[in-house]
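From a predicted model like this one, the values you see are computed outputs, not experimental measurements.
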Amino acid sequence: MTPLSKDAGLRTGANRRSTMSGFITKTAAGIAAAATLIGSLAIGASSAQATTTTSYDRTLGNAQFEAARTQNGLAKEMNYGSILHAWMWSFNTMKEHMAEIADAGYTSIQTSPISVIKGPMQGKKFTENWYYVYQPAGTSIGNSVVGSEDDLKAMTAEAHKYGIRIIVDAVINHFTSDWNAIEPSWQNASLFHTKSEGGCGNNGTAINYGNRWQVTHCHLLGLWDLNTENQEVGNRMQGFLKQAVADGVDGFRYDAAKHIELPDEFGTHSPYFDTILDNGAQYQYGEVLQGDAGLNVAAYPALFEKYSSNGGGNTASNYGGALRSALDSKNLNAGNLNSLQGQGVQDDQLVTWVESHDTYANGDRQSTGMTAWQIRMGWGVIGARKGGAPLFFNRPVGSGGTNAQFSEQSQLGDAGDNEWKSPEVKWVNKFRNAMEGNAEYLRNCQAENCLMIERYKSDGSNANDGVVVVNMDGDKNLAGLNTTLDDGTYTDQVNGGAITVANKKITAGSVKSGKVSVFVNIGTAPTPDPDPMPDPDPTPDSTTTVYYPSTKFGADSTYLHWRFADGGTWTTAPGVKMTAACSGYVSYAIENPDGRPIEFVFTNGSGQWDNKNGVSGQNYTATGASVVVTDNSGNYGTTAPCAV
């Protein structure tokens, strides 16, 4: 089905590369613990639906749902709206907080995995215990963390009353390492890859992530790897997903998706994805963490989107890492943060985050030490942007930052801390929802520790424009800055105060140090133009796209180091990575609505540079929509050689 976000006219009803320490953390207890199930919660296998229930029909295709969604001001497209990752919340906990979740502006809620599981083996504590939900024991719905299948049905029904949709985290690559804990109907060796398959060490302890056969066929540290080439496995998993949709689920996040082969990756057709994705969900995305040699990152979201009515995508793990680094250094350089680094994946096919449950909860603790303030700053960046569906990970109460990774102040099944509904996060979500469909422009404000994310329509009305300002250090006077916003006054919904815009410049207004400011007139009448004279030269929404031969440094190792020539800030070396545009060229698109000239050089990121005339220190300069550099003479073409 064509995603709604791709074609509004078709609105009908009809990588897991976790670090090794992360996998050790997730599986150690599963290998060593006793092989017992909690019998009272081992729900019988769900039968596949005779006909496919579609999520679209009961949500966007349902007048009551649409009225509730509109009343709560939530985004229409699931591949755009904010997602609350209610990590380790039970279904009943989600149901109890539904009104607050709607008020905080979340389009969707992502649950923890819902399959029957072994354990947890240490009650409801988090430490060395949370990861059991990522080790299914079969395809029955319900476990001791999230609750029963009836609880799921009640929660999804409540969500739809508020215009909220539900995404389930589905573990479809592997089962628990304990064979005796697996549901009897699944205890058939032909339904799993053999432990020797792939040749990757004892129980998958030595997977070569540059070898796609090993990545897709090896057991992950002893976890039983499903034989995804087996049609029966696909049929059973499709039945599980269809049942979840029939229970009210609207979308899926596929755990360890990159560990499952693409349909024709190895010469023999694998039916798995084509079977399981045809399940009635309206949005499906995969954990396809970037960085592996030979990984076709872009093929996964294309496949997920093919079977979804409201889009499909991948996790934007590279951008999450770049954003955390920027927050740590307080360097929010607009040039560095502009690209979502999708590696051939479109921006509306990405799920962005400041942190995920893996970066927080795994043994390597990539993001655990981040403070709540840093996370709010980061949410101001990803939540305000045009691209990506931003996911807010809810930490356990009193955990992270300078505190313990798991303080045990809350238990599995409980809601986490209150950061998910803090004023900054809430108003960034509301801003995002109000700006759905608008263009964006990123620029720094007085210094690189301050970033403005402008969203605009350029239609003469300040009722549908706005800007989020993330100011990490030092009060800033914004007067005199250029802007894409239409003329008028914009109110900061978080901190009070306002900015005034006239003739594409901010004429008055400031932001406080360490604050996220959300300047938008949501729910207010448009303010009068302070300068009633019409703008004789409205600014067009445009970009400058730089093209460069891929043969010079390679299609995957060419960087553009650039700034605006009239006083902009250079990107941090080596610059932004260019991506393959078509045969013979790489390219990079710079948001440039003011048509400013750019200054730039090229590099391979490893010490080799291409300067004008081959002279170090001499940089290229150019203007226009297309800049085509074919040699180092300083001359350039203006006709795009191909479509990006």
Side-chain angles (χ1 to χ4, degrees), residues 82-85 104-106 316-341 352-356 359-360 366-388 390-395 399-403 416-432 435 440-455 466-476 478 492-497 499 510-520 569 572:
S82 300
I83 304 167
L84 172 61
H85 189 183
Y106 291 99
S317 55
N318 280 358
Y319 192 72
L323 179 57
R324 289 193 297 275
S325 178
L327 295 168
D328 187 58
S329 64
K330 296 185 179 180
N331 184 356
L332 304 179
N333 179 280
N336 292 339
L337 293 176
N338 188 60
S339 171
L340 294 182
Q341 303 183 35
T352 54
W353 63 51
V354 181
E355 66 176 349
S356 70
T359 67
Y360 178 83
Q366 293 179 36
S367 66
T368 314
M370 293 183 70
T371 66
W373 173 76
Q374 287 178 310
I375 293 171
R376 291 195 297 272
M377 295 291 110
W379 191 254
V381 177
I382 66 165
R385 298 212 51 186
K386 175 184 178 182
L391 179 142
F392 191 95
F393 169 71
N394 181 228
R395 292 176 165 186
S399 302
T402 59
N403 299 323
D417 64 28
N418 289 327
E419 286 299 316
W420 62 272
K421 57 180 179 180
S422 68
E424 296 95 328
V425 172
K426 169 182 173 178
W427 276 105
V428 168
N429 289 344
K430 290 180 177 292
F431 172 91
R432 180 178 192 82
M435 298 296 123
E440 74 169 7
Y441 188 79
L442 274 63
R443 74 177 86 231
N444 290 112
C445 30
Q446 308 296 3
E448 291 190 347
N449 57 28
C450 181
L451 181 66
M452 297 170 57
I453 304 97
E454 302 174 32
R455 301 291 302 277
V467 57
V468 170
V469 182
V470 181
N471 182 26
M472 295 194 74
D473 197 12
D475 293 353
K476 303 287 192 306
L478 304 181
D492 182 355
Q493 303 290 344
V494 178
N495 307 294
I499 59 171
S510 61
V511 290
K512 292 293 185 181
S513 176
K515 300 293 185 181
V516 175
S517 295
V518 182
F519 294 99
V520 64
T569 303
T572 300

Closest approach of [X] and [Y], non-hydrogen atoms and distance?
X      : Y      : value
Ile453 : Phe431 : O-CZ, 4.2 Å
Leu478 : Cys445 : CD2-CB, 3.9 Å
Leu332 : Asn449 : CD1-O, 4.0 Å
Ala316 : Thr352 : CB-CG2, 4.0 Å
Arg432 : Gly387 : NH2-O, 3.6 Å
Arg376 : Ser422 : CD-OG, 3.6 Å

Exercise for review: Could you please spell out the steps behind the side-chain contact (heavy atoms from CB on, under 4.5 Å) verdict for Ile375 and Phe393?
Suggested key: CA-CA 10 Å; Ile375 293 171; Phe393 169 71; over 6 Å; no
Exercise for review: Look at Glu454 together with Arg443 and state whether they make a salt bridge at an N to O cut-off of under 4.0 Å.
Suggested key: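 Yes.
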**Study point:** Full working for side-chain contact (heavy atoms from CB on, under 4.5 Å) between Val520 and Gln493
**Key:** CA-CA 7 Å; Val520 64; Gln493 303 290 344; 3.8 Å; yes
If you measure from [atom1] on [X] to [atom2] on [Y], what distance do you get to the nearest 0.5 Å?
X      : Y      : atom1 : atom2 : result
Leu337 : Ile382 : CG    : CD1   : 11.5 Å
Asn331 : Thr572 : CG    : OG1   : 5.0 Å
Lys421 : Tyr106 : NZ    : OH    : 10.5 Å
Thr371 : Asp328 : OG1   : CG    : 10.0 Å
Met472 : Leu451 : CE    : CG    : 10.5 Å
Tyr441 : Met452 : OH    : CE    : 10.0 Å

Verify, without hydrogens or angle tests, whether [X] (side chain) and [Y] (backbone) share a donor-acceptor contact under 3.5 angstrom.
X      : Y      : result
Asn471 : Lys512 : yes
Glu424 : Gly380 : no
Tyr319 : Trp353 : no
Trp420 : Ala104 : no
Ser517 : Val469 : no
Ser329 : Ser325 : yes
Ser513 : Asp475 : no
Arg324 : Glu355 : no
Glu440 : Lys386 : yes

Practice item. Name all residues meeting the ring pair (Phe, Tyr, Trp, His ring centres under 6.0 Å) criterion together with Trp379; count only those two or more places apart in sequence or in a different chain, and write none if there are none. Key: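 For Trp379 the ring pair (Phe, Tyr, Trp, His ring centres under 6.0 Å) partners, ignoring immediate neighbours, are Phe392.
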Check your understanding: Can you name the residues that form a side chain to side chain contact (heavy atoms under 4.5 Å, CB included) with Ala322, not counting sequence neighbours?
Key ->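 Side chain to side chain contact (heavy atoms under 4.5 Å, CB included) list for Ala322, sorted by chain: Gln341.
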**Study point:** Test side chain to side chain contact (heavy atoms under 4.5 Å, CB included) applied to Ser510 - qualifying residues, sequence neighbours left out
**Key:**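 Scan of Ser510 (side chain to side chain contact (heavy atoms under 4.5 Å, CB included), adjacent residues dropped) gives none.
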Any side-chain heavy-atom pair of [X] and [Y] under 4.5 Å:
X      : Y      : value
Tyr360 : Ser367 : yes
Lys515 : Asp492 : no
Asn333 : Thr569 : yes

Practice item. Scan side-chain atoms only and decide if Asp417 and Asn394 contain a donor-acceptor pair under the 3.5 Å cut-off. Key: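 Per modelled atom types, Asp417 and Asn394 side chains form a pair under 3.5 Å.
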Point to revise | Ser82/Asn429 under side-chain hydrogen bond (donor to acceptor under 3.5 Å, both in side chains): CA gap, chis, key distance, verdict | key: CA-CA 7 Å; Ser82 300; Asn429 289 344; 3.0 Å; yes
Point to revise | Candidate pair Asn338 and Arg385, rule side-chain contact (heavy atoms from CB on, under 4.5 Å), full reasoning | key: CA-CA 9 Å; Asn338 188 60; Arg385 298 212 51 186; 3.8 Å; yes
Practice item. Any chance you could lay out the side-chain contact (heavy atoms from CB on, under 4.5 Å) test for Val354 and Met370, step after step, and finish with the verdict? Key: CA-CA 10 Å; Val354 181; Met370 293 183 70; 3.7 Å; yes
